[in-house]
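Below is one structure, written out as C-alpha cells; the observations come after it.
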Amino acid sequence: MAQKRDPYEVLGVSKSASADEIKSAYRKLAKKYHPDLNKEPGAEEKFKEVQEAYDILSDPNKKAKYDQFGYAAFDPNSGGFGGGNPFGDFGDVDLGDIFGSFFGGGRSRRSQSSGPVRGADNLMRVRISFMDAINGKKIVINPVVEETCPHCNGTGAESPSDIQSCPDCHGTGRIRSVQNTIFGRMQSERACPRCNGTGKIINKRCSVCQGKGYTSKKEELEVNIPAGISSGQQVVVRGKGQRGQNGGPNGDLYIEVVVDDSKIFTREGNDIHIYKDVSYIDAILGCEVEVDTVYGKVNMKIPAGTQPNTILRLSGKGVKDLRSSSYGDELVHINIKLPTSLSKEEKDLLIQLRDKSSKKSNNIFSSIFGKK
C-alpha cells in the first residue's frame, strides 16, 4: 500500500495556516478534482486524498494528534479512533448535496429540467443618423434564425419509431455511481455519455435537419425604429433569438441603436440645442431670423436689447417622447457677432451713439462694447 502524503502537502498549506486558509485551499482543490467536474484519470483518487487531508486539518483535535504522532494517531492498532468513518454512518450521501453547501450549486446539475427550455436572447447593434432617430425609421435586418425542424418537430429522428429509450440510463439521461469515501458511501450523478443526457437513442436521423432537431435560415425582417429613440436604447423582436431546448420557444432579439452625432444640433434628453449667430445691430434693435429645427426652418423673433448668451425657447420643436405624445423644446443659444473692422462712417455713427447713451447705465450698447 502506498504511503500517505502529508495532509499539509496535499492541501498546499503550511503548519501555521489558519482555519480559513485551510478551508480555502480545500475548496479550490475539492472543486478541481471533484468527479463530476474532472474526468481526468486519477482525479477521483486525488479528490479522496484532499477529503482526508481536510478531515484531519479542519478538526483542531485531529490536527493536534497528527502534528504529534502523524498518521499513527489514527491507526486502529495504535489506539487511535479506529480508522473507520469518524462521522458515523451517513448511509448513501449524494456528493451534490455536500458540495452544494460549499459552492452554491446544490443539486442544480442533476436537477436540470428535461422539459421545454426557452432559448437565450441575442443582441445586435445598428447605426442610424441623427435625423432618423428624431423622425423614426424602418430598417431591414437579416439575422440567422434557428427554429424547430418542421419535419421531425425537434426530435432529430426521421419518424417517431426511430426513437428508443437509452438502455444505459433507462431514459433518465443521468448515470449514478456510488463510491466509498471518508464521509461514507457517496453518490455522484452525471449526464449519460451514450445519449448525452437526452435519455433517447435515435436510430435514423431526420433527413431535413440531419438529426439536429432544428434548421437555420437567414431571414429578412423589417424593424420599426420609433421616433425619439436615443443611443443605447433597444428595440426587441420577439422570438428571433437563440433556439429553445426540448421544444421550448426561441429567445428574443434585442437591437441596440447607435445614433450618429449631428453637425448642427445637440440633443439633451428630449430637448434640442442649437447656436444662432445674430449681428450686434439686430441684437440691439430686434429682428426676425430664420432658425433650423429638426422639423425644418422656422422664423423666430429676436427681442430688441437681446443680451449675449441669451437662450430663446421654441416650444414643441424638440424630440418626441417615446412614452407619450409630448415633445421637448428647441433651445436657441444667441451668439452676438461683433465686427472685426469698421469703416470710418460706421465708427463715427457708433461714437455718436455711445456719446448719447453714456449717461444711461446698463444700456445694451455698453453691455456689448463696454464703457470707455
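Both backbone and side-chain heavy atoms feed into the values below; hydrogens, waters and symmetry mates do not.
Under a 3.5 Å cut-off, the side chain of Gln164 and the backbone N or O of Asp162 do not form any donor-acceptor pair. Side chain of Lys317 to backbone of Gly296: no donor-acceptor contact under 3.5 angstrom is found. The closest donor-acceptor contact from the side chain of Asp121 to the backbone of Leu253 lies at 3.5 Å or more, if one exists at all. Without hydrogens or angle criteria, Glu158 side chain to Ser207 main chain gives a donor-acceptor distance under 3.5 Å. Proximity of a side-chain donor or acceptor of Ser165 to a complementary backbone N or O of Gly171 within less than 3.5 Å is detected. With hydrogens and angles ignored, the 3.5 Å screen pairs no side-chain donor or acceptor of Arg118 with any backbone N or O of Ala120. With Asp355 contributing its side chain and Gln352 its backbone, the two residues share no donor-acceptor pair below 3.5 Å.
Side-chain contact between Tyr327 and Asn270 is absent, with no heavy atoms from C-beta onward closer than 4.5 Å. Counting heavy atoms from C-beta outward, Lys200 and Ile202 have side chains that stay 4.5 Å or more apart. By the 4.5 Å heavy-atom criterion applied to side chains, Arg238 and Val236 are counted as neighbours. Between Asn224 and Val235, every side-chain heavy-atom pair lies at or beyond the 4.5 Å cut-off. Between Pro303 and Leu312 there is a side-chain heavy-atom pair separated by less than 4.5 Å. No side-chain heavy atom of Val319 sits less than 4.5 Å from a side-chain heavy atom of Phe265. At least one side-chain heavy atom of Pro226 sits less than 4.5 Å from a side-chain heavy atom of Leu322. The closest side-chain heavy-atom distance from Leu350 to Lys347 is not below 4.5 Å.
Checked by atom type, the side-chain pair Asp277/Asn335 shows a donor-acceptor distance below 3.5 Å. Using modelled atom types and a 3.5 Å distance limit, the side chains of Glu40 and Tyr33 yield no donor-acceptor pair.
Here CD1 of Ile139 is found 7.5 Å from CD1 of Ile128. Values are rounded to the nearest 0.5 Å. Within the model, atoms NZ of Lys48 and CD of Gln51 stand 10.5 Å from one another, a figure rounded to the nearest 0.5 Å. The line from OG of Ser262 to CD1 of Ile274 is 8.0 Å long, rounded to the nearest 0.5 Å. Within the model, atoms OG of Ser159 and NE2 of His151 stand 8.0 Å from one another, a figure rounded to the nearest 0.5 Å. Atom-to-atom distance recorded for Ser24:OG and Leu11:CG is 10.5 Å, nearest 0.5 angstrom. Rounded to the nearest 0.5 angstrom, Leu57 CG and Glu52 CD are separated by 10.5 Å.
Residues Ser14 and Tyr8 approach most closely at O-CD2, 3.5 Å, considering heavy atoms. Listed here is the closest heavy atom pair of Ala25 and Val13: CB-CG1, 3.7 Å. Considering every non-hydrogen atom in both Ala157 and Cys152, the closest pair reads O-CB, 3.1 Å. Closest non-hydrogen pair, Arg194 versus Pro167, comes out as NH1-CG, 3.2 Å. Residues Asp168 and Cys192 come closest through the heavy atom pair CB-SG, 4.0 Å. Of all non-hydrogen atoms in Ile336 and Ala283, the two that sit nearest each other are CD1-CB, 3.7 Å.
More than 12 heavy atoms of other residues, nucleotides or ligands sit less than 6.0 Å from atom NZ of Lys276. Residue Glu256 qualifies as enclosed at atom CD: its count of foreign heavy atoms under 6.0 Å is above 12. A 6.0 Å sphere centred on CZ of Arg5 holds more than 12 heavy atoms belonging to other residues, nucleotides or ligands. More than 12 non-hydrogen atoms from other residues, nucleotides or ligands lie less than 6.0 angstrom from CG of Asn299. With a 6.0 Å radius and a threshold of 12 heavy atoms from other residues, nucleotides or ligands, Glu9 has its CD atom above the threshold. Shown here is Asn203, whose CG atom has more than 12 heavy atoms of other residues, nucleotides or ligands within 6.0 Å. Residue-environment remark: NZ (Lys46) stays at or below the threshold of 12 foreign heavy atoms within 6.0 Å.
By the criterion of side-chain heavy atoms lying less than 4.5 angstrom apart, applied directly or through intervening Ile, Leu, Val, Met, Phe, Trp or Tyr residues, Tyr275 is not grouped with Ile334; the two fall into different hydrophobic clusters. Residues Val208 and Ile163 do not share a hydrophobic cluster, clusters being chains of Ile/Leu/Val/Met/Phe/Trp/Tyr side chains in contact below 4.5 Å. Note on Ile229: it clusters hydrophobically with Leu221, by side-chain heavy-atom contacts below 4.5 Å among ILVMFWY residues. Hydrophobic clustering (ILVMFWY, side-chain heavy atoms < 4.5 Å, transitive): Val258 and Tyr254 are in distinct clusters. Cluster annotation: Val126 is not connected to Val140 through the hydrophobic network of ILVMFWY side chains, with a link wherever side-chain heavy atoms come within less than 4.5 Å.
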(request) Dump the intermediate steps for side chain to side chain contact (heavy atoms under 4.5 Å, CB included) on Gln234 and Leu123, then the final yes or no. (result) CA-CA 9 Å; Gln234 298 174 340; Leu123 174 68; 3.7 Å; yes

(request) Let me see the working for Leu314 and Val332 under side chain to side chain contact (heavy atoms under 4.5 Å, CB included), right down to the final yes or no. (result) CA-CA 8 Å; Leu314 293 173; Val332 183; 4.0 Å; yes

(request) Apply the test side chain to side chain contact (heavy atoms under 4.5 Å, CB included) to residues Arg243 and Thr148: give CA-CA distance (whole Å), side-chain angles for both, the deciding distance (0.1 Å), then the verdict. (result) CA-CA 8 Å; Arg243 62 185 174 87; Thr148 300; over 6 Å; no

(request) Would you sort out whether Ile272 and Ile134 count as a side chain to side chain contact (heavy atoms under 4.5 Å, CB included), showing the intermediate values? (result) CA-CA 10 Å; Ile272 294 292; Ile134 300 298; 4.3 Å; yes

Quiz: residues 211-219 side-chain donor-acceptor pairs under 3.5 angstrom, not counting sequence neighbours:
| unit_1 | atom_1 | unit_2 | atom_2 | d |
| --- | --- | --- | --- | --- |
| Glu219 | OE1 | Lys240 | NZ | 3.0 |
| Glu219 | OE2 | Lys240 | NZ | 3.4 |

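A parallel orientation is assigned to the rings of Tyr54 and Tyr26, their planes being inclined by less than 30° (bins at 30° and 60°).
Residue Glu330 forms a side chain to side chain contact (heavy atoms under 4.5 Å, CB included) with just one option from Asp271, Asp292, Thr293, and that option is Thr293.
One finds no salt bridge joining Asp67 and Lys15 here, because no Lys/Arg side-chain nitrogen approaches an Asp/Glu carboxylate oxygen to under 4.0 Å.
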